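First listed ligand is number 1; within each ligand, the first listed atom is number 1. Note that the structure is a prediction, hence the values are computed from the model and not measured.
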Amino acid sequence: MSRSTESVAAIVVAAGSGVRLGREIPKAAIEIGGVPIVVRAVRSMISGGADRVIVAAPEAWVERFAQWLAAYGDRVTVIAGGLLRQDSVRLALGYVGNAGIVLVHDAARALAPAFIVDRVIEAIRGGAQAVIPVVPQIDSLRRTRKGSTVPVDRSSYLRVQTPQGFTTAVIKRAHEAVGTTEYTDDATMCEAVGAEVTTVPGDGLAFKITEPMDLVLAEVIARGE
Ligand code: CTP
Ligand code: MG
């Protein structure tokens, strides 16, 4: 089948607890402008061109997340995630069905604009095996060495965002091969099984809500929508 007709399944990983935010509820359940983070992330995937979305949720929240997303009908499936992020992705990969293209997106990047989703999908349709959105490193960087620090050239570093895009074959192969090695993103796993990683421009709005300050920023952005 040509890549132009392949359907797109987006995996939204939302099973983390959000320790660094320090709230009582999981990060993906926190509301921004009255809309839960997980709902915003799913909305962004669908608006950007995903045909279906699989959400990996904290086990105790599966039903509630499914209720919040009920309006999407069978386009959205909520499952229980795993211990590590990569476990959540692996479990969700069991639900992508016949989709030829898989996106993996952090729910925590709740404000990722639809145009990035579209950009990633188009890069895969254009022939790439693995695609990552990247943004320049804006702070100066230093590397720790022997109890001291040395400067590094920041222009040779990029920050990696999600959604990341893959052919279904590549991402499945990567997750089957992973073993016990821990990875923070899927493109790196795909590279480990020989896939070439392609970059597309990311966007500031795809920042990851990680620390309390990020939630303040997200609220302000949501107010301006
Ligand atoms: N994630 C997941 N399953 C896990 C761990 C993380 O689905 N076992 C998801 C999170 O829900 C989040 C994304 O992976 O959307 C990126 O992880 P991160 O920002 O680290 O979120 P948390 O792990 O929830 O936060 P923290 O590390 O502060 O606990
Ligand atoms: Mg985490």
So is Gly18 touching ligand 1 or not, going by heavy atoms under 4.0 Å?
yes

With respect to [X], determine whether any N or O atom, backbone or side chain, lies less than 3.5 Å from an N or O atom of ligand 1.
X: Val19; result: yes
X: Val13; result: yes
X: Thr210; result: no

Which residue from Arg109, Lys208, Arg85, Gln86 reaches closest to atom 19 (O) of ligand 1 through any of its heavy atoms?
Lys208

Closest approach of any protein heavy atom to [atom], naming residue and atom:
atom: atom 7 (O) of ligand 1; result: Ala15 N, 2.9 Å
atom: atom 21 (O) of ligand 1; result: Lys27 NZ, 3.2 Å
atom: atom 13 (C) of ligand 1; result: Asp106 OD1, 3.4 Å
atom: atom 3 (N) of ligand 1; result: Ser88 OG, 2.8 Å
atom: atom 27 (O) of ligand 1; result: Arg20 NH2, 2.9 Å
atom: atom 23 (O) of ligand 1; result: Gly16 CA, 4.0 Å

Out of the candidates Val178, Asp186, Asp185, only one should pair with Val89 under the side-chain contact (heavy atoms from CB on, under 4.5 Å) rule; please name it.
Asp186

Within a reach of under 6.0 Å around OH of Tyr95, are more than 12 heavy atoms found that belong to other residues, nucleotides or ligands?
no

For the CZ atom on Arg23, are there more than 12 heavy atoms of other groups (residues, nucleotides or ligands in this structure) within a distance under 6.0 Å?
no

Can you find a protein heavy atom closer to atom 17 (O) of ligand 1 than 4.0 Å?
no

For [X], atoms of ligand 1 separated by under 4.0 Å from a heavy atom:
X: Ala108; value: 15 (O)
X: Gly82; value: 4 (C), 8 (N)
X: Ser17; value: 24 (O)

Which atom names give the shortest non-hydrogen contact between [X] and [Y], and what distance separates them?
X: Pro163; Y: Ile116; answer: CD-CG2, 4.1 Å
X: Ser88; Y: Val13; answer: CB-CG1, 3.9 Å
X: Ala110; Y: Ile32; answer: CB-CD1, 4.2 Å

Strictly below 4.0 Å, N to O, side chains only: are Arg109 and Asp203 in salt-bridge contact?
no

Would a 4.5 Å heavy-atom cut-off, applied to side chains only, mark [X] and [Y] as touching?
X: Thr188; Y: Gln164; value: no
X: Trp68; Y: Val55; value: no
X: Pro201; Y: Arg119; value: yes

If you measure from each non-hydrogen atom of Ala14 to ligand 1, which part falls under 4.0 Å: side chain, backbone, both or neither?
backbone

Applying a heavy-atom cut-off of 4.0 Å, say which part of Asp87 lies close to ligand 1: side chain, backbone, both or neither.
neither

Just by modelled atom types, is the Thr210 backbone N or O under 3.5 Å from a matching donor or acceptor in the Asp214 side chain?
yes

